[in-house]
Amino acid sequence: MPGDIRASVEAIFREERGRLLAALVRRFGDLDMAEEVTSEAIEAALLRWPIDGVPASPGAWLMTTARRRAVDRLRRDKAYAARLALLQVEADRAAPAAPEADGGLPDERLRLFFTCAHPALPEADRGALTLRYLAGLTTVEVARAYLVPVETMAKRLVRAKKKISGARIPFRVPEPHELPSRLPGVLQAIYSIFTEGYAASAGPDLVRHDLAEEALRLGRILRRLLPAEREVAGLLALMLLTHARRDARTGPDGGLILLEDQDRSQWDRVMIDEGEPLVVTALTGGPPGPYGVQAAIAALHSTAADVTSTDWPQIVLLYDVLRSLTPSPVVDLNRAVAVAMRDGEEAGLALLDGLAGEPQLRGLHVYPAARAELLRRLGRFPEAAEAFREALGLAGSDPERLHLRQRLSEVEGH
Amino acid sequence: MKYMLLIHGSGDGCTPQEWMDYDKSVREAGIFVSGESLAEQALATSVTIGESGERVVTDGPYAEAREVLGGFYVIDVPDLDAATDWAARCPGARDGGSMVVRPVVEYA
């Protein structure tokens, strides 16, 4: 197949796969079958399109082909057809089908977002399911994303799918009164993909751009599907403003560069310009949610020329708000670092010392690393060295380890 | 689809009236298949067949109060969300109690 056609075919599949799958799940109420006929339709397209050309409405072509395959299957298997018909009746009873947009596919992806992040599924699998079914990644790609063997990921996905069909987790958008309890799960699933890509918990790269970009893509889709939900805007803003700093986060030697030492001219202005208005949306028209507040903190960094002109008092206040919304020692830790910038290292260090022994911080390198950094700035080098060594014993990714080693040899030299 | 709602805990935190109201609402919703409230755990007896085929009958078991199976409902609803909604409305879900929702296998 000529390269340009293959590229355009692949681009279409990326966009259409999740949409197609969601529409078929909606139609047949069966994730397994929807997956199989989606793959068959795409294979058919790979055979036909290079010969016939890409159709005017690729999504509709794929949907028609997939539906035909599904109907063939149902003709072959009468018992299965009867069961599906029953499912269809029950689904229609629960919520009448949305009218199809003219010619195009109805966008049923929102249902699938809520199914993949359903509270009855293990939290650890929700991001993986979202990547597999909404972002359209293959099982191999999802396994690579989470750095687990393909076999392991395949088992997890099969187990989750079995629960979806066996316990009959529905494909539906929660009612408005249910959204406050259900939406955070969907946001968390997307954000877990982003953080996995952003600060890889292990491995040679600090940022796995492909994964962070998948999370951004999912965030943009969700934003289109739920334009009135301010926390969706907040999540997308947070991811954009964080990802805007990607090129400045590692030096030429591959080591991590801390926020205060980053070359801010390397920050991605296009992403910042997309993110900043979303922060305003997230914070307007009601009390803010945790993603909106974190996005606001990120925005204060984006607008500051450098670390000294950063509005640290405002950042500390935002951490206070965040702490009231989602209390956690990790938030306290970040707040302590901001207090150190506002009031001086001693004040920050006192707060950090108060967090010693917090069970949720145990085993995380960020705690000793933050202490070490403040001790280094205070010139307390032997203590700093000890804390850097402790952090090195815990840090996951190679760029972080490189950074900590550099700092350690620096303070040891004093 | 049928689900069994297993009610764990003493259920003592709720008034008999609350239980009766819940029972009435399950029946009036047309989803009731079956349901029973179990007598106190002190009246339980365990039976097992030993390795050499002998019958072993013992007093108990005695689980912690919040783990005791106090009763169950079997309801017929469209999906898991509907089942968990009914579980959440049950007085047994409150005051330290918990509900476990299990799909019932149907042999067609």
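A, B, ... follow the sequence lines: proteins, then strands. Residue 1 opens every chain.
The salt bridge (Lys or Arg N to Asp or Glu O under 4.0 Å) search around A:E40 returns A:R69, A:R73, not counting sequence neighbours. Under the ring pair (Phe, Tyr, Trp, His ring centres under 6.0 Å) criterion, A:Y133 pairs with no residue, sequence neighbours left out.
Within the model, atoms CD1 of A:I169 and OG1 of B:T84 stand 9.5 Å from one another, a figure rounded to the nearest 0.5 Å.
Within 6.0 Å of CD on B:E36 lie no more than 12 heavy atoms contributed by other residues, nucleotides or ligands.
B:L80 approaches A:A167 most closely through the heavy-atom pair CB-O, 3.4 Å.
Between A:R182 and B:D81 there is a salt bridge, with a side-chain nitrogen of the basic residue lying less than 4.0 Å from a carboxylate oxygen of the acidic one.
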